[in-house]
**Q** 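Would you mind keeping the following structure in view while I ask a few things?
Atoms within each ligand, like the ligands themselves, are counted from 1 in listed order.
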Amino acid sequence: MAILAVAAAALLMPSPAQAASTLGAQAAVTGRYFGTAVAANKLSDTTYSTILDREFNMITPENEMKWQTTEPSRGSFNFGPADQIVSHANSHGQRMRGHTLVWHSQLPSWVSAITDANTLRSVMDNHITQEMTHFKGKIYAWDVVNEAFADGSTQHRSSVFQNVLGNGFIEEAFRTARSVDPAAKLCYNDYNIENWSDAKTQGVYSMVRDFKSRGVPIDCVGFQSHFGSGGPPSSFQTTLSNFAALGVDVQLTELDIAQASGTAYANTVRACMNVSRCTGITVWGIRDSDSWRSGDSPLLFDSSGNKKSAYNSVLQALGSGTPASNPPTTTPPTTTPPTTRPPSSPPTGGRSCSATYSVTGQWQGGFQAAVTVTAGSSAISSWTVTWQFANGQTITQAWNATITSSGSAVTARNVSYNGSLGAGASTQFGFLGSSNGTNNTPSLTCSAG
Ligand code: 9MR
């Protein structure tokens, strides 16, 4: 009996090394996500959806959010296929990456045929506005602009956007995107930018540095990571940390590796795990048969849905690394603060905020949650969110907020960089918690100062 009790206790308290048994749960231990590309027409395949819902807590629609699908003719929008994926994600606690708003490929011919700059600018801005508005509040990060740089070069590639609007089209797209959904992270996404010394990497790096220095809104860079059989270049981690040092999150957005060697996958995952602003990894498909390059068998599950050996290498590599930091999306004000002395106790009248809570991942014994704090109709300079857990949940690690608990009562306060929010602006904090099964959503109270 005593032996049984000890065995049961050991089962309930896994050691950190074996803390989680799925990719998503293991990534969540350090505050990261593990995602995959999903095709809407495969959701009814139960082998596919079983693996999807067991292993992955972030989803990128493989094709369904691309311009060709979403605005096949001018002003006529079709979000049906993408809605199907978003609704699947919502009902399975998965978050979404939006892919992609402005891209030269999978672009309907009516767009490529535009030659007038004013027309193209308003068509591009309208496309961004309509699509982001439709999915507002449901997207963690958008690939606002995809693959705008030329191979082997520091320059932009030729495209209708580049040729008609000039270099400024990328900046225009990001500014428009921020104005539509200030809570979504805005990413630039590209391939062959993983090797630090490559011209294309340097071109994208210079653009991000320039955007940051001028206050153009950009929050993240997606490294597609479509690798050959050798896996990532040896400089990959250097590249990730150099970009992160500019003040953006970095993410691996479309990972696949020819022949899927375990070593190549582990090296890739480790590069991300060693960079605190590398917030997550997405593989570009579930089974080899789902891959755009299926002849290379580049994924973590074979065509029958069995785990390949690379799966275990990835799971293990996700088990150690620095916790992810997730600084807020909202860009700090760039205006100089007023020199007039504020009243000694500034009036808080009119300042208010609201907060919404969502469980973004769940596994046996634990969960990850995100709270979005939104300022009311006046700007605020601090916020406090309080709630009561009803099912004995406890918080084990938090980011972007200082959290104190007393019994079931939780108080979350802003940290130095995310207390100030403009009217209507949002920021997000998150945490990992333990739970014993029932994990109801608490109701939140937000107060602003
Ligand atoms: O995987 C996608 C495939 O189904 C499409 O036919 C293809 C069309 O260009 O796009 C693939 O996804 C691409 C992604 O959107 C952007 N980076 C390269 C990916 C692989 O081609």
Side-chain angles (χ1 to χ4, degrees), residues 35-43 45 48 51-52 56 58-72 78-79 81-82 84-86 96-109 111-112 127-128 131 135 139-152 156-162 170 173 186-195 198 200-201 203-204 220-229 232 250-260 268 280-301 303:
T36 184
V38 161
N41 62 9
K42 291 181 182 158
L43 288 171
D45 168 343
Y48 183 86
I51 303 172
L52 171 62
F56 299 99
M58 182 71 77
I59 290 179
T60 308
E62 187 169 2
N63 292 297
E64 292 77 351
M65 287 186 176
K66 294 173 181 175
W67 200 317
Q68 199 175 54
T69 303
T70 55
E71 195 186 2
N78 168 25
F79 298 120
Q84 241 184 294
I85 299 180
V86 173
M96 295 289 308
R97 293 191 86 266
H99 175 80
T100 175
L101 297 166
V102 179
W103 187 26
H104 65 276
S105 183
Q106 287 178 286
L107 186 67
S109 53
V111 183
S112 330
H127 181 76
I128 294 170
E131 181 154 355
F135 295 110
I139 305 290
Y140 159 74
W142 272 106
D143 291 333
V144 177
V145 175
N146 194 41
E147 302 176 3
F149 278 72
D151 290 318
H156 297 171
R157 74 167 66 235
S158 164
S159 73
V160 68
F161 303 108
Q162 179 66 29
I170 303 183
L186 306 181
C187 305
Y188 176 78
N189 190 53
D190 214 330
Y191 64 89
N192 283 355
I193 56 167
E194 293 84 8
N195 185 25
D198 282 356
K200 194 170 169 183
T201 310
V204 174
C220 36
V221 175
F223 297 80
Q224 293 186 6
S225 310
H226 294 295
F227 292 135
S229 57
V250 293
Q251 300 162 355
L252 279 49
T253 50
E254 304 181 13
L255 175 61
D256 50 19
I257 304 181
Q259 279 76 56
T268 307
I281 299 175
T282 294
V283 287
W284 205 239
I286 298 179
R287 303 162 299 196
D288 284 335
S289 50
D290 301 316
S291 172
W292 68 297
R293 51 191 296 212
S294 56
D296 287 335
S297 304
L299 294 174
L300 301 178
F301 295 86
S303 298

**Q** Evaluating non-hydrogen atoms only, which member of Arg293, Gln106, Met65 is closest to atom 9 (O) of ligand 1?
**A**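 Nearest option to atom 9 (O) of ligand 1, by heavy atoms: Gln106.
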**Q** If I take atom CE from residue Met96 and atom CE from residue Met65, how far apart are they, to the nearest 0.5 angstrom?
**A**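 If I round to the nearest 0.5 Å, the distance is 4.0 Å.
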**Q** Between Glu254 and ligand 1, does any nitrogen or oxygen pair lie at a separation below 3.5 Å?
**A**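 Indeed, backbone or side chain, Glu254 has an N or O that close.
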**Q** According to salt bridge (charged side-chain N to carboxylate O under 4.0 Å, His left out), who are the partners of Lys200, at least two apart in sequence or on a separate chain?
**A**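 So Lys200 forms a salt bridge (charged side-chain N to carboxylate O under 4.0 Å, His left out) with Asp151, Asp190.
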**Q** Using non-hydrogen atoms of the residue, decide whether His99 is closer than 4.0 angstrom to ligand 1.
**A**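 Distance cut 4.0 Å: His99 passes for ligand 1.
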**Q** How would you list all residue pairs meeting salt bridge (charged side-chain N to carboxylate O under 4.0 Å, His left out) that involve residues 292-301, not counting sequence neighbours?
**A**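 Listed once each, the pairs are Asp256-Arg293, Arg293-Asp296.
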**Q** If the contact criterion is a heavy-atom separation under 4.0 Å, does Trp103 count as touching ligand 1?
**A**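 In this structure, Trp103 qualifies as a contact of ligand 1 - some heavy atom is under 4.0 Å.
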**Q** Trp292 heavy atoms, cut-off 4.0 Å: which ligand 1 atoms fall inside?
**A**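 Reading through ligand 1 atom by atom, the close ones are 1 (O), 20 (C), 21 (O).
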**Q** How far is atom 2 (C) of ligand 1 from its nearest protein heavy atom, and which residue and atom name does that atom have?
**A**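 Result: Glu62 OE2, 3.4 Å.
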**Q** Mark up the atoms of ligand 1 that fall under 4.0 Å of a heavy atom belonging to Asn146, in ascending order.
**A**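 Matching atoms, with element in brackets: 16 (C).
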**Q** Applying the side-chain hydrogen bond (donor to acceptor under 3.5 Å, both in side chains) criterion to Arg97, which one of Asn189, Asp143, Thr253 satisfies it?
**A**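 Exactly one option meets the side-chain hydrogen bond (donor to acceptor under 3.5 Å, both in side chains) with Arg97, and it is Asp143.
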**Q** Is it the case that the side chains of Glu147 and His104 hold a donor-acceptor pair, with the cut-off being a distance below 3.5 Å and no angle test?
**A**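 Per modelled atom types, His104 and Glu147 side chains form no pair under 3.5 Å.
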**Q** Using a 4.0 Å heavy-atom threshold (strictly under), name the region of Trp284 that reaches ligand 1: side chain, backbone, both or neither.
**A**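 Side chain only.
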**Q** Could you tell me which atoms of ligand 1, counted from 1 in the order shown, lie closer than 4.0 angstrom to a heavy atom of His226?
**A**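 Heavy-atom distances to His226 below 4.0 Å select 18 (C), 19 (C).
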**Q** How many angstroms lie between atom CZ of Phe56 and atom CG of Leu300, to the nearest 0.5 angstrom?
**A**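 Between Phe56 CZ and Leu300 CG, I get 6.5 Å after rounding to 0.5 Å.
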**Q** Evaluate the ring planes of His99 and Trp284, with Trp represented by its six-membered ring, and classify them as parallel (under 30°), tilted (30 to 60°) or perpendicular (over 60°).
**A**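 Taking Trp284 first and then His99, their aromatic rings stand perpendicular (interplane angle over 60°).
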**Q** Any luck finding a side-chain donor-acceptor pair between Gln224 and Asn146 under 3.5 Å?
**A**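 Yes, because at least one side-chain N or O of Gln224 sits under 3.5 Å from a partner of the opposite role on Asn146.
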**Q** For atom 11 (C) of ligand 1, find the nearest protein heavy atom and state the residue, atom name and distance (0.1 Å precision).
**A**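 Protein heavy atom with the smallest distance to atom 11 (C) of ligand 1: Lys66 NZ, 3.7 Å.
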**Q** Tell me whether ligand 1 is touched by Thr100 - counting only heavy atoms on the residue side and a distance under 4.0 Å.
**A**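 So Thr100 does not count as touching ligand 1.
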**Q** Can you check whether Asn63 has an N/O within less than 3.5 Å of an N/O in ligand 1?
**A**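 Yes, Asn63 has an N/O under 3.5 Å of an N/O on ligand 1.
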